[in-house]
Engineer: 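One structure, as structure tokens, below. Some questions next.
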Amino acid sequence: MSKTNGGRAADFDAVIVGAGFAGMYMLHRLRGMGMTARVFETGDGVGGTWYWNRYPGARCDVESMEYSYQFSDDLQQEWDWSERYAPQPEILEYANHVADRFDLRRDIQFETRVTKATFDEAADRWTVETDRGDRVTAAYMVMATGCLSSTNTPDFPGLDSFQGRRYHTGNWPHDGVDFSGKRVGVIGTGSSAIQSIPIIAEQAKHLTVFQRTPNYAVPAHNGPLDPAVRNKVKADYPTFRAEAKEMRSGLHTRPNEQSALAVSDEERRAQYEKRWQAGGLPFMGAFMDLLLDGKANDTAAEFVRAKIRSVVDDPKVADLLSPKTVIGCKRLCVDTGYFQTYNRPNVSLVDVSETPVEAITKNGIVVAGKEYAVDAIVFATGFDAMTGALLKVDIQGVGGLPLEEKWAEGPRTYLGLATAGFPNLFTITGPGSPSVLSNMLPSIEQHVEWIADCIGYMRDKGWKRIDPTVEAEDAWVGHVNDVANHTLYPSCNSWYLGANVPGKPRVFMPYIGFPPYVEKCEEVVANGYEGFALA
Ligand code: FAD
Ligand code: N01
């Protein structure tokens, strides 16, 4: 199907936007079906999240043995992770290994940002434009742009007047940053801050952390990966993966089916302590109702608050660091020495919950009329999550409708895979899918495989256009909200709700529950792509 233009194919079966884990696997899968595809990627290398987030301490919080592709058993067997939670450079190395192993780079155009995509209704094709002047067409367009790839820097007054160095954790310099002898300000206390603060504190002359909302963190207990664990998993990877897919979050959380309120105080504490000592995200699997019942949740929250009080020397600082919200409502953080860092004489904490950051001056950060002089500011202020990267592209569907206009009140999708009025456009881990509430690699693989199968079906049946019906989409959006409203997730100002970005519609974006979601996707296919109109 492809024509050439100056030696470079200009018409493809598919255009894929983004060369993170999603875009890379999508390319591999489509190629395997004999299709032509072009990937456009803003960065100059593969890896997405792990290409951009090079801040000190960056690593996964899903254990390495689970945070990896499973589509190739050879790949699973040949790769060895060095630590329980792999550090960012190693995950980036893995992404590069995958790119080389499957010869992906020849179809990826780096340093190229997709700026516009328009659906041509007469031809049933997308016309895609880039900031490098490319203009190509494709029957299908796959957005592999990432849920956490569009950085959020609050528009603080005076931001540009700052004369020191400014960094965002999500766009970190490739050659690293040496904070030795520097006065550093970190704004934010989410996962990125919690990972980087202990390391920045070791280097900096003084570190001032500006905290709006304290966060819960459970120790990682990271260390070299136990060879016995690695060998056991490798000996039967299929069973290990299959078990994870039965879990609500698609990863081994070792869920306990009891209610936190159905056991004695002692039993409850023992359960939390066991999980605290084991470390990591499975802490939230301690009881089945932690995200369903406020009272149950408070038992876990209070357990963590007590842990914070037990390690932070100054009771006032300990209190400031102790979250009062529902634990797990924002993504639980996994830390290494985070709370202990506040016992260091060169670290101070500034509460900006009541008195927000007023301004940035040429010398530093102003809060409640006081200027905190710093040589460098680290914005650990997160992302315009789930919709940010999608809406940065001017996507125009049927009748020239901009996606931004359709989603003005919040994202509307069918299964987080497609949105009505934008035929032949797919989103990998889009809003309305488990995505960020799951282990993302299996979620990415499930989406890529669903999309590839769908495109294969279209080809086999001679269909040219697939578009979800408005009815199916409305029903799905309603269902996503209903499921969320039965939990405690909507109770805090999380980025799952878009609450971190001023003016963003408050809509709960991810779907809760990996297994029922996969079942629904399979049912849709079994019923001849139920909920989609094929033409
Ligand atoms: P990304 O990796 O975000 O890749 C998207 C790519 O698209 C980027 O490279 C971007 O440059 C490119 N792009 C976007 N827009 C355009 C455009 N218009 N034109 C061209 N290119 C474009 N998930 C887990 O499950 N477990 C973890 O432990 C975990 N740790 C994380 C740690 C950090 C610091 C962060 C930020 C996220 C973490 N995540 C984790 C989530 C992580 O984003 C996913 O696991 C996964 O890497 C996403 O892959 P992706 O390919 O979908 O998106
Ligand atoms: O971003 P965040 P992140 N004034 O949005 C604060 C994944 N991830 O980059 O909570 C002052 O969580 C904001 O305050 P508040 C993971 O999914 C994983 O840390 O909105 N402060 C918050 O404290 C994670 O959830 C890992 O009140 C302001 C912080 O900035 C997601 O990526 C590591 C502010 C932002 O926290 C995002 O994490 C890193 C303002 N105007 C990331 N605006 C792992 O461990 C925002 N803040 C694997």
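Values reported hereafter were calculated over all heavy atoms of this structure, with side chains retained and with hydrogens, waters and symmetry mates removed. Whatever order the structure lists ligands and atoms in, that order sets their numbers, starting from 1. Quick note: residue numbers are just sequence positions, from 1.
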Engineer: What do you reckon, does Y55 put a non-hydrogen atom under 4.0 Å from ligand 2?
Structural biologist: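 It does, in that a heavy atom of Y55 comes within the 4.0 Å cut-off of ligand 2.
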Engineer: Hey, is V334 one of the residues with a heavy atom under 4.0 angstrom from ligand 2?
Structural biologist: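 It does not; every heavy atom stays at 4.0 Å or beyond.
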Engineer: Short list, please: which atoms of ligand 1 are under 4.0 Å from a heavy atom of S149?
Structural biologist: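 Near S149, the atoms of ligand 1 are 3 (O).
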Engineer: Just to check, does A144 reach to within less than 4.0 Å of ligand 1 when the distance is taken from its heavy atoms?
Structural biologist: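 Within the 4.0 Å threshold, so yes.
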Engineer: Which residue supplies the protein heavy atom nearest to atom 49 (O) of ligand 1, what is that atom called, and how far is it?
Structural biologist: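 Protein heavy atom at minimum distance: I444 CD1, 3.6 Å.
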Engineer: With a cutoff of 4.0 Å, is Y85 in contact with ligand 1, counting heavy atoms of the residue only?
Structural biologist: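 It does not; every heavy atom stays at 4.0 Å or beyond.
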Engineer: Would you say V357 touches ligand 2, if touching means a heavy atom closer than 4.0 Å?
Structural biologist: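 For ligand 2, residue contact (heavy atoms, under 4.0 Å) with V357 is absent.
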Engineer: In this structure, does ligand 2 have an atom that sits under 4.0 Å from one of the heavy atoms of T189?
Structural biologist: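 Contact present.
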Engineer: Is there a heavy atom in K330 that sits closer than 4.0 Å to ligand 2?
Structural biologist: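 It does, in that a heavy atom of K330 comes within the 4.0 Å cut-off of ligand 2.
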Engineer: With a cut-off of 4.0 Å, which atoms of ligand 1 are near a heavy atom of T49?
Structural biologist: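 Every atom of ligand 1 under 4.0 Å from some heavy atom of T49: 1 (P), 2 (O), 3 (O), 33 (C), 35 (C), 36 (C), 37 (C), 42 (C), 43 (O), 47 (O).
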Engineer: Please could you name the atoms of ligand 1 that Y55 approaches to less than 4.0 Å, counting only its heavy atoms?
Structural biologist: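 This gives 34 (C) as the contact atoms.
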Engineer: Which residue holds the protein heavy atom closest to atom 28 (O) of ligand 1, what is that atom called, and what is the gap in Å?
Structural biologist: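 Looking only at protein heavy atoms, the one closest to atom 28 (O) of ligand 1 is D61 N, 2.7 Å.
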Engineer: For the residue pair Y25 and F71, does the interplanar ring angle fall in the parallel (under 30°), tilted (30 to 60°) or perpendicular (over 60°) class?
Structural biologist: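 Parallel: the ring planes of Y25 and F71 meet at under 30°.
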Engineer: Near G188, which atoms of ligand 2 are under 4.0 Å from a heavy atom of that residue?
Structural biologist: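 With G188 as reference, the close atoms of ligand 2 come out as 6 (C), 23 (O), 29 (C), 30 (O).
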Engineer: Is ligand 2 less than 4.0 angstrom away from at least one heavy atom of F379?
Structural biologist: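 Per 4.0 Å heavy-atom rule, F379 does not contact ligand 2.
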Engineer: Measure across C454 and F426 and return the closest heavy-atom pair with its distance rounded to 0.1 Å.
Structural biologist: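 So the minimum-distance heavy-atom pair works out to SG-CZ, 3.8 Å.
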Engineer: Using non-hydrogen atoms of the residue, decide whether C60 is closer than 4.0 angstrom to ligand 2.
Structural biologist: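 Contact present.
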